[in-house]
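Just so it is clear, the model here is predicted, and its values are computed rather than measured.
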Amino acid sequence: MLKSKLLGASCAAAFVAAAVILPQGARADQPTLNLFTWSAYIDPAMITDFEKQCGCKVVETDYDSNSEMEAKLKAGADSQYDVVVPSSYYVARLITEGLIQPLDHGAITNFKNLETKFQNPTYDPGDKYSIPYQWGTTGVGYLQDQIKDPAQSWGLLFDPKINTTYPFTLMSGSGQDTIGAACAYLGYGFTCDTKAEWLAAAKLIKETRARKNFAGFVDGEPERDQLKSKLNSAGMVFNGDVATSYADGSGKDIGFFLPKEGTEIWVDTMAIPAHAPNAKLGLEFINFILDAKEGAALSNFNDYSSPNAASQPMLADNLKARLVSPTPEDFKLLHFLPPLSGAKLKLFNAIWTASKQ
């Protein structure tokens, strides 16, 4: 693993900062990085490597949705964590709410390793508040032994004539992906952003909830696990979660497709909460993830696509499969969710809440 003089200097600075504010459970002589991220999203061996390199301790706390992460930050966790991993469309919300802080790019020397197409994104111009971590897609997962050769459509979830028997779920969380899926099925496009379109999608979701085989709102990785356990037969999942179940043999019965009406491409990012107790160590962790070897180790562990150009030669062969590396034709179906803030976000949240009641 890379051990540079710059790393040592930065860790020393973080050590001093940590001596002022000590997170719970840290020794007086040891800085602590408090990481708030998605579950099963980083190799424990990478955590150990970072701890050895910086002489620090890493405390990881996990969440299953962006909305769960946001709620905790708003409740005061923005002063408890040093790095958080929001999805691209959520970055604007966190900026507007004052929950994350601008980044010191001088401390992120490995930024140059990122692929050009992942730099200066529309959701965060100039990468001022966030740095890409991993990227992937949202699609439909289903049990192949129960649902034979389904049409590649959101209709598997929204059309009662297509699935009259098997239990299925919709994604919970922030609601933009689920509203987007309903909009796409109705012909409005996955990136629908008007009140009329959202209301039509909410109406469809309420009708879907009333079906006897609707099994509830379940987020991506938990839904993947329910498919593995055959508790459900279909639902919205993330491609990397399915890829992991293929790699370890636990999800061999799970099928996956990108709906023909359109679906989501997303980038998960790294950001530093507004009042992080150890922001300098947070910056060093971000730089660590952007190292070529570490970036490859990250994707080889969690089976998601890497935005790191320098990591590409070291990626495992299974990451070249269509599930993880969409084809040019697949990319025609993929869309970034539009960022929402202010009055428009308030309106969306009201409609989404009503759709679940």
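- Residues that satisfy the side chain to side chain contact (heavy atoms under 4.5 Å, CB included) test with A274, not counting sequence neighbours, are D78.
- Side-chain contact between W352 and S174 is absent, with no heavy atoms from C-beta onward closer than 4.5 Å.
- Using modelled atom types, no side-chain atom of Q226 and backbone atom of P222 make a donor-acceptor pair closer than 3.5 Å.
- A donor-acceptor pair under 3.5 Å is absent between the side-chain atoms of W154 and the main chain of E261, judged by distance alone.
- Between Y89 and W266, the ring centre distance reaches or exceeds 6.0 Å.
- At a threshold of 4.5 Å between non-hydrogen side-chain atoms, the residues Q80 and K72 do not count as touching.
- Under the 6.0 Å cut-off for aromatic ring centres, W198 and F348 qualify, their centroids lying closer than that.
- Taking 4.5 Å as the limit, some side-chain heavy atom of L283 sits within range of a side-chain heavy atom of I272.
- With respect to E207 and K203, a salt bridge is recorded, a charged nitrogen being found less than 4.0 Å from a carboxylate O.
- Residues meeting the side-chain hydrogen bond (donor to acceptor under 3.5 Å, both in side chains) test with T263, sequence neighbours left out: none.
- The environment of NZ in K128 is sparse: at most 12 heavy-atom neighbours from other residues, nucleotides or ligands sit within 6.0 Å.
- Listed by first then second residue, pairs satisfying side-chain hydrogen bond (donor to acceptor under 3.5 Å, both in side chains) with a partner in residues 242-260 read K228-S250, K230-D253, T244-D303, D248-S250, not counting sequence neighbours.
- Annotation: the span from R93 atom CZ to Y90 atom OH amounts to 4.0 Å, rounded to 0.5 Å.
- Taking CG of D219 as the start and CH2 of W38 as the end, the distance is 7.0 Å to the nearest 0.5 Å.
- Enclosure of atom NZ in K74 is not indicated, since only 12 or fewer non-hydrogen atoms of other residues, nucleotides or ligands lie within 6.0 angstrom.
- In this structure, F118 is a member of the same hydrophobic cluster as F288, with clusters built from ILVMFWY side-chain heavy atoms closer than 4.5 Å.
- Judged purely by distance below 3.5 Å, without hydrogens or angles, the side chains of S39 and E221 pair a donor atom with an acceptor atom.
- Listed by chain and number, the residues in a side chain to side chain contact (heavy atoms under 4.5 Å, CB included) with D127 are H105, F111, Q119, N120, P121, I131, P132 (sequence neighbours excluded).
- Two residues are said to be in side-chain contact when any heavy atoms from C-beta on lie closer than 4.5 Å; Y133 and P307 fail this criterion.
- In this structure, I147 CD1 and L143 CG are separated by 6.5 Å, a value rounded to the nearest 0.5 Å.
- The aromatic ring centres of Y142 and F256 sit 6.0 Å or more apart.
- In this structure, T32 and V59 approach most closely via the heavy-atom pair CG2-CG2, 3.8 Å.
- A salt bridge is absent between K52 and D49: the closest approach of a Lys/Arg side-chain nitrogen to an acidic carboxylate oxygen does not fall below 4.0 angstrom.
- Looking at E264, its side chain never comes within 3.5 Å of a backbone N or O of F190 through a donor-acceptor pair.
- In this view, S325 satisfies the side chain to side chain contact (heavy atoms under 4.5 Å, CB included) rule with no residue, not counting sequence neighbours.
- V237 approaches M171 most closely through the heavy-atom pair N-CE, 4.2 Å.
- Residues L258 and L334 come closest through the heavy atom pair CD1-CD2, 4.0 Å.
- With sequence neighbours left out, the ring-ring contact (aromatic ring centres under 6.0 Å, His included) criterion links Y129 to no other residue.
- Using modelled atom types, one finds no donor on one side chain facing an acceptor on the other under 3.5 Å when comparing S67 with E70.
- In this structure, K112 places its NZ atom where more than 12 heavy-atom neighbours from other residues, nucleotides or ligands lie under 6.0 Å away.
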Exercise for the section: Decide yes or no on side chain to side chain donor-acceptor pair (under 3.5 Å) for Y304 and N239, but give the supporting numbers first. Expected result: CA-CA 7 Å; Y304 281 102; N239 65 328; 4.9 Å; no

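- For D193 and K344, the salt-bridge test passes: some basic side-chain N is under 4.0 Å from an acidic carboxylate O.
- A pairwise comparison of heavy atoms in F301 and A40 identifies CE2-O, 3.8 Å as the closest pair.
- Atoms CG and CD, from L298 and Q134 in turn, are 4.0 Å apart once rounded to the nearest 0.5 Å.
- With sequence neighbours left out, the side-chain hydrogen bond (donor to acceptor under 3.5 Å, both in side chains) criterion links S87 to N66, D268.
- Taking all atoms of both residues into account, the shortest heavy-atom contact from S65 to G173 is CB-CA, 3.8 Å.
- L231 and F238 are not part of a single hydrophobic cluster, where members link through side-chain heavy atoms under 4.5 Å apart.
- In this view, Y123 satisfies the ring-ring contact (aromatic ring centres under 6.0 Å, His included) rule with no residue, not counting sequence neighbours.
- For the atom pair OG of S130 and CG of D124, the computed distance is 3.5 Å after rounding to the nearest 0.5 Å.
- Scored by the side-chain hydrogen bond (donor to acceptor under 3.5 Å, both in side chains) test, S305 finds no partners at all (sequence neighbours excluded).
- By the criterion of side-chain heavy atoms lying less than 4.5 angstrom apart, applied directly or through intervening Ile, Leu, Val, Met, Phe, Trp or Tyr residues, Y41 is not grouped with V218; the two fall into different hydrophobic clusters.
- Side-chain contact between K320 and L315 is absent, with no heavy-atom pair separated by less than 4.5 Å.
- Hydrophobic clustering (side-chain heavy atoms under 4.5 Å, transitive across Ile, Leu, Val, Met, Phe, Trp, Tyr) groups I47 together with L33.
- Rounded to the nearest 0.5 Å, atoms CD1 (I254) and OG (S233) are 11.0 Å apart.
- C192 is linked by a disulfide bond (SG atoms under 2.5 Å apart) to C183, counting only residues two or more places apart in sequence or in another chain.
- When side chains are defined from C-beta on, P86 counts as touching V84, because their heavy atoms get closer than 4.5 Å.
- The side-chain hydrogen bond (donor to acceptor under 3.5 Å, both in side chains) test applied to E223 returns T169, N232, not counting sequence neighbours.
- Here the side chain of N300 pairs a donor or acceptor atom with the backbone of A316 at under 3.5 angstrom.
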Practice task
Starting from the C-alpha separation in whole Å, work towards a yes-or-no answer on side chain to side chain contact (heavy atoms under 4.5 Å, CB included) for N213 and N163.
Solution key: CA-CA 9 Å; N213 55 330; N163 176 19; 3.6 Å; yes

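- Judged by the 6.0 Å distance and 45° axis criteria, R211 is not positioned over the aromatic ring of F214.
- By the 4.5 Å heavy-atom criterion applied to side chains, I289 and M270 are counted as neighbours.
- Contacts classified as side-chain hydrogen bond (donor to acceptor under 3.5 Å, both in side chains) and involving residues 328-341 (residues at least two apart or in different chains) are given here: R322-D330, T327-D330, E329-K332.
- Looking at L204 and L186, their side chains come closer than 4.5 Å, going by heavy atoms from C-beta outward.
- Remark: the backbone N or O of P150 is paired with a side-chain donor or acceptor of Q152 at under 3.5 angstrom.
- Of all heavy-atom pairs between L157 and V140, the closest is CD1-CG2, 4.4 Å.
- Listed for the E51 side chain is no donor-acceptor partner under 3.5 Å among the backbone atoms of K57.
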